[in-house]
Number of protein chains: 2
Amino acid sequence: MRKINLDEPICSVDYAFKRIGGKYKGRIIWYLNAHVVMRYGELRRAIRDITPKMLTQTLRELEDDKLITRKVYHEVPPKVEYSLTETGAELIPFIDHLRQWGDRQIEKEKLNPILC
Amino acid sequence: MRKINLDEPICSVDYAFKRIGGKYKGRIIWYLNAHVVMRYGELRRAIRDITPKMLTQTLRELEDDKLITRKVYHEVPPKVEYSLTETGAELIPFIDHLRQWGDRQIEKEKLNPILC
DNA sequence: CGGAATCCGTTAAGATACTG
DNA sequence: CAGTATCTTAACGGATTCCG
């Protein structure tokens, strides 16, 4: 996700989807909002179906995009904390809206929900 | 997009992203809301970078998902009209939120915007 | 602990040509 | 007009192993 051509004009709906599309971005942003700050391992346990590769890759993209910040503690064992930036936090109302809509649909379709 | 396993439990953020993810879904829903009803050719002209294959494929997914309806007029030349369902229309406030956020970011990054 | 590296399969998307 | 069909490419995501 997020290979935005700087020269080509882009429409804002398209742009926004490029920035938050991808299999795990929504959930990562959502969890970081709920927990304020989370370590790598915490995120990994929270998103059970994610592999380290995808977690790292997604976190990097979000960081490059300035939606999250990454704070490294140079100690042994290493410790890295992730949290939302202000820009990232601005997405919360929208993700929440989406989540509520998703909840209603899951109920309608009688699917098997789990908590985000 | 949207290959939801009916047996596995799913979180609502994830679920919602599956249903509206995909390169063109956001824009199609947005345009259908603005124009109320649009023909195939109109959508094609509105979304200039879409190929007929992707347009048809995306419209079918949205239809299967009951986010849009497809009305065929059996006449010559053929005429097909697309419009939002009630469920699809429920997504508008959230897409609008995302669009506004996208606008701000585009301005910040000094990108080259075009109207949605 | 928090990754990086490599390999590989799957899925999404694009190009192009054709049709009822 | 509103699509299909076929082929190819590119992006996404997973599994596994290893490292400071």
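Within every chain, numbering begins at 1; the chains are lettered A, B, ... in the order of the sequence lines, protein sequences first and strands thereafter.
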Under the ring pair (Phe, Tyr, Trp, His ring centres under 6.0 Å) test, which residues partner A:Tyr40, sequence neighbours left out? none
Between the opening five pairs and the closing five pairs of the helix from C:dC1-D:dG20 to C:dG20-D:dC1, how far apart are the helix axes, to 10°? 60°
5' priority, DNA chain C, between B:Pro78 and B:Tyr24 [closest heavy atom]: B:Tyr24
Tell me the interatomic distance from B:Lys18, atom NZ, to C:dT11, atom P, rounded to whole angstroms. 11 Å
Of the candidate nucleotides C:dA15, D:dG3, D:dG13, which contains the atom at the shortest distance from the side chain of A:Met54? D:dG13
Contacts of type side-chain hydrogen bond (donor to acceptor under 3.5 Å, both in side chains), residue B:Asn33, not counting sequence neighbours: none
Kindly assign one of parallel, tilted or perpendicular to the pair A:Phe94 and B:Phe94, based on the angle between their ring planes and the thresholds 30° and 60°. parallel
Grab the CG-P distance between A:Leu59 and C:dG3 for me, whole Å please. 7 Å
When you look at NZ of A:Lys66, are more than 12 heavy atoms from neighbouring residues, nucleotides or ligands closer to it than 6.0 Å? no
Applying side-chain hydrogen bond (donor to acceptor under 3.5 Å, both in side chains), name anything that partners A:Glu90, two or more places apart in sequence or on another chain. B:Arg104
Under a 4.0 Å threshold between the charged nitrogen and the carboxylate oxygen, would A:Glu81 count as salt-bridged to A:Arg70? no
Partner set under salt bridge (charged side-chain N to carboxylate O under 4.0 Å, His left out) for A:Arg27, not counting sequence neighbours: A:Asp49, B:Asp14
Assess whether atom CD of B:Glu86 is packed by more than 12 heavy atoms of other residues, nucleotides or ligands within 6.0 Å. no
Short side-chain N/O contact to C:dG14 OP1/OP2 from B:Lys23, under 4.0 Å: yes
Quick check: are there more than 12 heavy atoms from other residues, nucleotides or ligands sitting under 6.0 Å from CD of B:Glu107? no
Remember a base hit wins even if backbone is also touched, and classify A:Tyr73 as base, sugar-phosphate or nothing at under 4.0 Å, heavy atoms. nothing
Note: contacts of residues 28-52 of chain A with DNA chain D (heavy atom, under 4.0 Å) are A:Thr51
Can a side chain N or O of A:Arg60 be found less than 4.0 Å away from OP1 or OP2 on C:dA4? yes
Spell out yes or no: do the side chain of A:Lys53 and the base of C:dG3 have one donor N/O and one acceptor N/O closer than 3.5 Å? no
